[in-house]
Amino acid sequence: SWGAGPTGGGGGLRCSIPGHEMDVRGVTAALVPAGAFVSVSRDRTGRVWTPNASPDKGFTEMHCMTGHTNFVSCVCIIAPSETYPRGLIATGGNDNNICVFSLDQPQPLFMLQGHKNTVCTLSSGKFGTLLSGSWDTTAKVWLNEKCMMTLQGHTAAVWAVAILPEQGLMLSGSADKSIKLWKAGRCEKTYTGHEDCVRGLAVLSDTEFFSCSNDTSVRRWMVAGECVQVYLGHTNYIYSIAIFPNSHDFISTGEDRTVRIWRKGECHQTIRLPAQSVWSCCILPNNDIAVGASDGLIRVFTEAEDRVASPQELLAFEDELSKTTIDPKTGDLGDIKIDDLPGREHLDEPGNRDGQTRLIKEADKVEAYQWSVSESRWMKIGDVVGGSSQHTTKKVTYEGKEYDFVFTIDVNEGGPSMKLPYNMSEDPWLTAHNFLQKNDLSSAFLDQVANFIIENSKGHVVGPATPSAVDPFTGEPRCMRRGACSGRYIPGSGSTGGSTGATDPFTGGGAYSSAAFRQTATNIYFPKTDGVTFDQANATQIMGKKLKELNGTASPEHKLSEEFVESLKRMLDSVVGGANNSTPPPSLQQINLLWKASHWPEDIVFPVLDILRLAVRHPQVNESLCGEAEGVQLCNHLLGLMAPQGRPANQMLALRTLCNCFGGPQGRALLLAQREAVLARAAELAVGGSKNTQVALATLLLNYAGCLHGRPDLEAKAQCLSVASSALESVQDKEAVFRLLVALGTTLASDQSARELARSLGVTSQIAKYSSVADPAKVGECCQLVLNELQ
C-alpha cells in the first residue's frame, strides 16, 4: 500500500521536495545518475534530483537548468549516444522553444525552434529522434538539431506525443479529442472515443498504449485500432499517466488533487494531495512514484517500508491535507447540498473501498474525509468552501480593492509582469485603455489586451452561476503568446500596400495604369487588414418604400406605430451621410427600438436588417449592440436568420451586417470570440447562394483573415482556410472569388504554419484555374500572388 498515513501500513509518503517556486509541470526518471529524476516548472527552470544517502530518504538538487524565457511545461530524456554517453535532457516551454541540456552545464547545448506556440509534450526514440507536440496543432520530428518532419492533421493543440518501439510509428493526442498514429510522417489511423481533450499517452508495448483525457477516463488501445478498456475513477481532468515496468498496472494524476494507482484494471488506491492540480507523474527505477503539482512541490511515494518518511513528516503531510480547502467548482466531490449532509456520526461506519470520500456537516462547515484501507480509518482531506453548486466568482484583492479577476500580463519576455485588475461590470476596452496608460504602453495593444480580457473572463458570472470545469491551462490566464503583448507585433501595422498609385481593387475606382506598371507593382491585394464594409445606402428607398409599405401590410400585432417608424428614420439619417452629417448620433432608445424591430417576422424584416447593417458601422451602435452583454444575442439572432432554410434576402443582409460589425472594436472582439459558430454557419451558405450572398460570404472571410493576420492563432486560421477552400468549390461570382483569394493571401502572408496547412489542404491545385482569368484582371493577378505564397 502507498497509504500516506502516519501509522505504518506498509508504505506511503517518502518525501516532499521544495525547490521550485511555481507549479511543477513535468517529471521524468533520469538514466544517470542512478535513481535520479528531472522536474520542470513554471518558474522557467529544470532541476535534476538525486537520492540522498542520508537517513532522511530525500533527494538533493544536483543540477539546475535555465534557458527558457517562459514557463517550462514538459521534459524527456534523450538516450545516451557516442557523442553524449550520459544522454541529454530536452525541455519544452511556453516560449515555443525546445532546449536541450547536458548534465554538465546550466545553459542549453542547443535550442530547437520552429513551433509557433507552446511546446507542451516531448517523447524521445531510438537514434536520438525527438518528437514534440504543441498548441500550434502540430507535432514535429527532430533529429541532429533539425526539424525533419511536421505532422499536420489535428485541428487543435497537440497535448501528448509518444514514440512506439516499432521504428517510424508515432502517436499524438490532441484537444480535438482524437489520437493519431503516424508512419513516416503520414497519418495512418485516427482513434476516437474520448469525449474531451486527450492530455497524456503512455506506450505499453509495440501493440498497445494508454491515453488519458479531460473527460476523466483512461483508455487502453490496441495499436491496430480498437479501444479494449476504459478506466473510470477520476472526477476531473486527467493530466498524466505512467506505466509500471513489465505490467499493465499504471498511475494517473489530475485536476481532482489525486494520484491514483491502478492494479489489474481497478483503481487500487487513491492518494490525495494538498494541491488542486497534480500535473505530472513518473515511476522511478525502484518503483517509487514522483509527482509534481500546482503548489510547486514534488512528492515521492513508496511502497517500501524502509523508505517511508518519519512519523512526524507523515503527520505534517496529513495535517496539511486536512487544512486544504476544497472548491466545489472543480467538481471533485460532485454536487453538494449542505442541508442534506449527515453529521460526524457518519464517520463511525467504515468505508468500503480505498479512497472513498465522505462529506459531513460540522456546525455550519462541510468537511471532506477519505477512507484509508491500510489504516482502517477516515482521514480528513480538507474543508469544503462555499459548499453548493451555485458558486460565485471569488473576489481577488489587489492594491486594497476587490476585483473579479487580476490578470498577469507579460509584455516583454523576461521583463517584469504587470497586474491588470478587472471587474465583470467594467467595459473591457476602457479597462485595457487605462492599463496601457498606467503602464506607459503603446495604445496599439488596445485590441489585443481588450480581447484578452474578454476571452479570459468569458463564462464567469458575478453572482450565481452554473458549475463548469475550467481548464486550468496554466493555472491563471496569462497574455503570454509570442508576438501577442510582447512588443513584437503591433496590431494593424501590416502594410496593405494600397499606396502604390493603383486603385483600390475593392471599390474598383479607376483602372490599372498599364501592364508594365503591374509587373513592377508591389502586392496591392494582401495582406488586407482593414475591414471591408457594405456602405451603399439609399435611405429614401429603405424607409419610404420598403419599410412603410411592409408596415402597411403587417398584421396588427406586428404593426409599428408612426413614432416607432419615425424613430427608425431618424436613426437611419444619423448613421448615413458620412463626416458632414449634422444629425445627432443615435440615442440608446433608438438603438433599442432598432433591435426590437429586427425581430419582425422573417417575411417582412429585411428593410429593418438593412438599417441594422448600416447602423452597426456607427461607433455608438457598434459599442451598444456588440458589447459584452448584447453581442452574443446579436450574433445568435443573425445566425438564426442565416439558417440554410431561411430567406435568401435575410441571409445576405445578415452576412453583410456581420461584415460591418468588423468596423468597430467591440464588433471585432465579438466576432473573434464567436468565430467558430459564425464561420460554420456561413460555410453552409456557400452552395447555391445568390451573387450578393456569395460576395457577402467572401467578405466575411476576408474580414476574419484581416483580423487574424499577425496573430499566432493557427486554429482560427485553419478554419478560415478550410471555409475559404470549400467556398471556392461552389462560388461562381468573380468578385466573390477575388475576395476569397484575398482572404487566402491574407491568411498565408507571413505565417509559415498557415502556408504549410494550406498546402496540406490542397489549396494550390484548387485555385490554379483562376491564375489565367483576365476579366477582371485582379482575379488572375491575385491568384498568381497566392500561388507564389504557396511555392
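Counting begins at 1 with the first residue of the sequence.
Taking the side chain as every heavy atom from C-beta outward, Val773 and Val737 never approach each other to under 4.5 Å. Annotation: side chain of Phe606 is in contact with side chain of Leu550 (closest heavy-atom distance under 4.5 Å). Side-chain atoms of Val678 and Leu700, non-hydrogen and from C-beta on, do get closer than 4.5 Å to each other. Contact of the Val786 side chain with the Tyr770 side chain is not registered, since no non-hydrogen atoms from C-beta on lie closer than 4.5 Å. Inter-residue side-chain proximity for Val621 and Met571 is flagged as met; some heavy-atom pair is nearer than 4.5 Å. Taking 4.5 Å as the limit, every side-chain heavy atom of Val742 sits out of range of all side-chain heavy atoms of Val532. Within the 4.5 Å cutoff, no side-chain heavy atoms of Asn523 are placed close to those of Asn788. Within the 4.5 Å cutoff, side-chain heavy atoms of Leu787 are placed close to those of Ser771.
Annotation: the span from Ile767 atom CD1 to Cys783 atom SG amounts to 4.5 Å, rounded to 0.5 Å. Atoms CG and CD, on Leu614 and Gln536 in that order, are 8.0 Å from each other to the nearest 0.5 Å. Annotation: the span from His599 atom NE2 to Leu594 atom CG amounts to 10.5 Å, rounded to 0.5 Å. Taken from CZ in Arg681 to CG in Leu639, the straight-line distance is 6.0 Å, to the nearest 0.5 Å. Here the CG atom belonging to Asp713 is positioned 8.5 Å from the CG atom belonging to Asn117, to the nearest 0.5 angstrom. A distance of 14.0 Å separates CZ in Arg647 from CE in Met652, rounded to the nearest 0.5 Å.
Between the Gln590 side chain and the Ser587 main chain, a donor and an acceptor come within less than 3.5 Å of each other. In terms of modelled atom types and a separation under 3.5 Å, the side chain of Arg617 and the main chain of Val575 share a donor-acceptor contact. Remark: side-chain polar atoms of His637 are paired, donor with acceptor, to backbone N or O of Ser598 under 3.5 angstrom. In terms of modelled atom types and a separation under 3.5 Å, the side chain of Lys717 and the main chain of Arg711 share a donor-acceptor contact. With Gln651 contributing its side chain and Ala643 its backbone, the two residues share a donor-acceptor pair below 3.5 Å.
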**Request:** Begin from the C-alpha positions of Glu781 and Lys778 and carry the test salt bridge (charged side-chain N to carboxylate O under 4.0 Å, His left out) through to its verdict.
**Result:** CA-CA 5 Å; Glu781 289 168 10; Lys778 64 184 184 180; over 6 Å; no
**Criterion side-chain contact (heavy atoms from CB on, under 4.5 Å) on Thr137 and Ser174, from CA distance to verdict** = CA-CA 8 Å; Thr137 79; Ser174 162; over 6 Å; no
**Request:** Apply side-chain contact (heavy atoms from CB on, under 4.5 Å) to Thr192 and Lys177, showing your working.
**Result:** CA-CA 7 Å; Thr192 54; Lys177 308 177 190 176; over 6 Å; no
**Asked** Which is it for Leu744 and Leu728 under the side-chain contact (heavy atoms from CB on, under 4.5 Å) test, yes or no, and what are the steps along the way?
**Response** CA-CA 11 Å; Leu744 282 175; Leu728 281 165; 3.6 Å; yes
**Request:** I would like to know whether Val449 and Thr431 meet side-chain contact (heavy atoms from CB on, under 4.5 Å); could you show each step before the answer?
**Result:** CA-CA 9 Å; Val449 175; Thr431 304; over 6 Å; no
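Ion pairing between a basic and an acidic side chain is recognised when a charged N comes within 4.0 Å of a carboxylate O; Glu563 and Arg570 show no such pairing.
Two rings, from Phe738 and Tyr525, have their centers less than 6.0 Å apart.
Among all heavy-atom pairs drawn from Lys559 and Gly552, the shortest one is NZ-O, 3.0 Å. In plain terms, the two heavy atoms of Ala705 and Thr747 that are nearest each other are CB-OG1, 3.4 Å. In plain terms, the two heavy atoms of Leu708 and Leu672 that are nearest each other are CD2-CD2, 3.9 Å. Taking all atoms of both residues into account, the shortest heavy-atom contact from Pro644 to Leu685 is CA-CD2, 4.4 Å. Taking all atoms of both residues into account, the shortest heavy-atom contact from Arg739 to Ala698 is CB-CB, 3.7 Å. Nearest approach of Lys116 to Gln752, heavy atoms of both residues: NZ-CB, 3.8 Å.
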Mind listing the side-chain donor-acceptor pairs of residues 653-670 below 3.5 Å, one per line with the distance, residues two or more places apart or on another chain?
unit_1: Thr657; atom_1: OG1; unit_2: Leu653; atom_2: O; d: 2.7
unit_1: Asn660; atom_1: OD1; unit_2: Phe534; atom_2: N; d: 2.7
unit_1: Asn660; atom_1: ND2; unit_2: Phe534; atom_2: O; d: 2.9
unit_1: Asn660; atom_1: ND2; unit_2: Arg613; atom_2: O; d: 3.0
unit_1: Arg668; atom_1: NE; unit_2: Asp447; atom_2: OD2; d: 3.2
unit_1: Arg668; atom_1: NH1; unit_2: Phe662; atom_2: O; d: 3.2
unit_1: Arg668; atom_1: NH2; unit_2: Asp447; atom_2: OD2; d: 3.1

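Other residues, nucleotides and ligands contribute only 12 or fewer heavy atoms inside 6.0 Å of the NZ atom of Lys596. Applying the 6.0 Å contact sphere to CD of Gln732 captures no more than 12 heavy atoms from other residues, nucleotides or ligands. Environment of CD in Glu684: crowded, with over 12 heavy atoms of neighbouring residues, nucleotides or ligands closer than 6.0 Å.
With sequence neighbours excluded, no residue forms a side-chain hydrogen bond (donor to acceptor under 3.5 Å, both in side chains) with Asn551. Every side-chain hydrogen bond (donor to acceptor under 3.5 Å, both in side chains) that Asp136 has, sequence neighbours left out, goes to His115, Ser134, Thr138. For Lys569, the salt bridge (charged side-chain N to carboxylate O under 4.0 Å, His left out) criterion is met by Asp573, not counting sequence neighbours. With sequence neighbours excluded, the residues that form a salt bridge (charged side-chain N to carboxylate O under 4.0 Å, His left out) with Lys691 are Asp733. Scanning for salt bridge (charged side-chain N to carboxylate O under 4.0 Å, His left out) contacts around Glu602 gives an empty result, with sequence neighbours left out.
With 3.5 Å as the limit, one finds a donor-acceptor pair spanning the side chains of Asp176 and Ser178.
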